[in-house]
Number of protein chains: 2
Amino acid sequence: MTVSDRGSAGGHRQVGVKDVAAAAGVSLGTVSNVLNRPELVSARTRLRVETAMSELGFVRNESARQLRAGRSRTLAYVLLDGANPFFTDVAQGIEEVAEAEDLSVFLCNSDNRAERELSYLTRLEQQRVQGILITPADPHAAILDELPRRGTPVVIVDRTRGGDTTHCSVAVDDGLGGELALGHLVERGHERIGFVGGPLTLGQVRDRKQGAERALAAAGRPPDSLLHLETTALTVPEGRNAGQRLAGLPAATRPTAVFCANDLLALGLLQQCVTTGIRVPDDLAIVGYDDIEFAAAAAVPLTSVRQPRRKLGATAAELLLREVQDPDHVHEQVLFTPELVVRTSSQTP
Amino acid sequence: MTVSDRGSAGGHRQVGVKDVAAAAGVSLGTVSNVLNRPELVSARTRLRVETAMSELGFVRNESARQLRAGRSRTLAYVLLDGANPFFTDVAQGIEEVAEAEDLSVFLCNSDNRAERELSYLTRLEQQRVQGILITPADPHAAILDELPRRGTPVVIVDRTRGGDTTHCSVAVDDGLGGELALGHLVERGHERIGFVGGPLTLGQVRDRKQGAERALAAAGRPPDSLLHLETTALTVPEGRNAGQRLAGLPAATRPTAVFCANDLLALGLLQQCVTTGIRVPDDLAIVGYDDIEFAAAAAVPLTSVRQPRRKLGATAAELLLREVQDPDHVHEQVLFTPELVVRTSSQTP
DNA sequence: GAGTGACAATGAAAGGTTTCAATTCAGTGC
DNA sequence: GCACTGAATTGAAACCTTTCATTGTCACTC
């Protein structure tokens, strides 16, 4: 009396290797060999087993496989903002590397919420993913240290944590990016310059702002002359909001140029300017950050600081894979260099 | 002699329920009860077990859990283009519903490649995800029928398959969307109108085009008077490319208006027009599709056909969950209505 | 014709969790 | 004291695959 005969009446009981073995008249182990080391199985038997598999509609059970193997065939990328093309481009870079290694990538959107990030990280650890790539909403979360200690490697993407010895990281020099952006505006002769960005809990925003201030200082101006228009997120609506506040300032004190912490803000700001009648770049020059695809297609093509997005993702994935393969691996901090792309939005009138 | 004492020297052997049970001086089953039915365990014992867990750094093994339970706590959304904000917005809608049910969402980017889509679907089935949401690159793939037959429910998002009785689906009436777009252009008095989009293997593109033709016919014009500029993908670069071809046409025969199959194309086209000196809307009116966030922030704010993106995702997720819970559930085909949002890009000069 | 080696196939054990029927125990009512 | 109750806890079985030491088979060689 075999285990089979699962009437088609109710739902589908699982078809397992056992059933395949019975149908093909071979042992359990042979079926497994067909799946995992086909070269050990004679052509004749292999064919019989494969036929049985497709006839029964056998689907390998990944849970059981993983349970035995102790690890999965999956990576995960926990990203800060699924609606920001910057991160989806980074994800593409990751996917390319993963695909070459025959790994799947689990994309998780923390939406910049620490509790959601924590919940994803917990789940991913429980799923025993091979490793996690993350652009953290909360870079100080304890779990980021615990995960590698318990055996799940973590690579920090688009962020560095000073003197971090438990993670690899890949980032772009945000300080330099800020310098480039502001240096450019200073060079174009702007006197009153603003910085649009926030929250300052985001390291990216802090670093870009500090870079901007350094550039001001280098030009012999007081760094605090940089007017900070704070935002609660790096999104298009927040950019529009900042634009409204800007429009509310008397023209005499209003900045003649602003540097935005990312392109979404810059696009929102730009849109609001068009609505309000502030001319760009004549009344207001704008520099964005990230150089997302839409920057060039904006109302006024946007000057922006370009980051090697795909490369960022690909490198991070490579570091992760290296760490997975080599347990006592020395953590590396890779820093890429950004590049200023000048377009109309910052043209001198 | 307990199972413990796993020297910190090498790697970390797993800490399992067994170890927790030993440390807390209770049985296996009790630990499991603390995890799954805490109300069955006395407060004192529960506390002891929980302490042991955090001391040992216990991490539940999801594979084993799933293996026993037969299903996971995960949904997946296989999307067509990770770089298109339309799909990430749909994903947001899905995530909202999933989060409420305490499910994770696996986002997979098929990048419009059938073989990649197939590979993801295969993996997801092996992982025994609760169900799959998909905007298919290949709507005729056999696996889309096999999955539900073998027990993994599938909901089609942003697409319908005529007379489909094996899937629920959620879509927006693309035909109507096309009619709206073209009706608008006809009404504005345009005589030579183009359609930019492709490949026609994408049902969305076909339906929008057919709708457009219907609108032409309704206005008493021959449907084939719609000049089709075919693209190989619905992306910004392809839009630029189409823009170049358009600019190459003699001004006398060049359309005075185009309807683009999505906003990415429209934005690329618009950008190319700005570069080439074709004035929008004076020389060329443009209507896009999707009304993504960037449409309003474009060089010339873009007239577009708005789709209820989040709602689309949320509804699809709800249908999927309903199907998961109720095995003999009647498949539903939900169709939303699009809406024309008129902006500057189609203003009559 | 015994011995050797290569190749195929086998089947039991292991992996960590959950489930459930069975057991223990303290308490209650008579 | 006894039988009974309900709550708390237990331990073995089940989930499905992979691994690996073992057995079986056959063709060759000396």
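Below, chain A is the first sequence line, B the second, and so on; all start at residue 1. Just so we're clear, the structure is a prediction, and the values are computed from it rather than from any experiment. Computation of the quantities below employed the complete heavy-atom set of this structure, encompassing side-chain atoms and omitting hydrogens, waters and symmetry-equivalent molecules.
- In this structure, the CZ atom of A/Arg128 is 9 Å from the C1' atom of C/dG16, given to the nearest Å.
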Exercise. Please test A/Asp158 against A/Gln204 for side-chain hydrogen bond (donor to acceptor under 3.5 Å, both in side chains), starting from the C-alpha separation and ending with a verdict.
Key: CA-CA 8 Å; A/Asp158 193 38; A/Gln204 289 91 331; 3.2 Å; yes

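- Separating the CG atom of B/Leu67 from the C1' atom of C/dA14 is a distance of 12 Å, rounded to the nearest angstrom.
- B/Thr45 has a side-chain polar atom (N or O) that falls below the 4.0 Å cut-off from OP1 or OP2 of D/dT9.
- Atom pair B/Leu28:CG and D/dA14:C1' shows a separation of 14 Å (rounding to whole Å applied).
- With A/Glu117 contributing its side chain and A/Ser110 its backbone, the two residues share no donor-acceptor pair below 3.5 Å.
- Side-chain contact check for B/Thr122 and B/Ser119: no donor-acceptor pair (N or O, by modelled atom type) lies under 3.5 Å.
- Nucleotide C/dT17 holds its P atom 14 Å from the CG atom of B/Asn33, rounded to whole Å.
- Interface residues of residues 34-44 of chain B facing DNA chain C, ordered by number: B/Leu35, B/Asn36, B/Arg37; criterion, heavy-atom separation under 4.0 Å.
- Closest approach to the B/Val26 side chain among D/dT10, C/dT17, D/dT17 is made by D/dT10 (side chain taken as heavy atoms from C-beta onward).
- Atom CD in B/Gln66 sits about 13 Å away from atom P in C/dT17, given to the nearest Å.
- Under 4.0 angstrom from either OP1 or OP2 of D/dT18 there lies at least one side-chain N or O belonging to A/Ser32.
- B/Ser72 and B/Arg128 share no side-chain donor-acceptor pair at under 3.5 Å.
- Nucleotide C/dT18 holds its C1' atom 12 Å from the CD atom of B/Glu62, rounded to whole Å.
- A donor-acceptor pair shorter than 3.5 Å cannot be found between the side chains of A/Thr152 and A/Glu125.
- To the nearest angstrom, C1' of C/dT17 lies 13 Å from CG of B/Asp19.
- For A/Asp138 and A/Arg116, the salt-bridge test fails: no basic side-chain N is under 4.0 Å from an acidic carboxylate O.
- Heavy atoms of B/Val31 sit nowhere under 4.0 angstrom from any nucleic acid atom.
- Across C/dT19, D/dT18, C/dT17, the shortest atom-to-atom separation from the side chain of A/Arg65 is found for D/dT18.
- Scanning atom types as modelled, one donor and one acceptor separated by under 3.5 angstrom connect the side chain of B/Arg68 and the base of C/dT18.
- The CZ-P distance, from A/Arg60 to D/dC16, rounds to 16 Å in whole Å.
- Using a distance-only test at 3.5 Å, with no hydrogens or angles considered, a donor-acceptor pair links the side chain of B/Thr51 to the main chain of B/Leu47.
- Comparing A/Gly29 and B/Ser27 by the nucleotide of DNA chain D that holds the closest heavy atom to each, the one mapping nearer the 5' end is B/Ser27.
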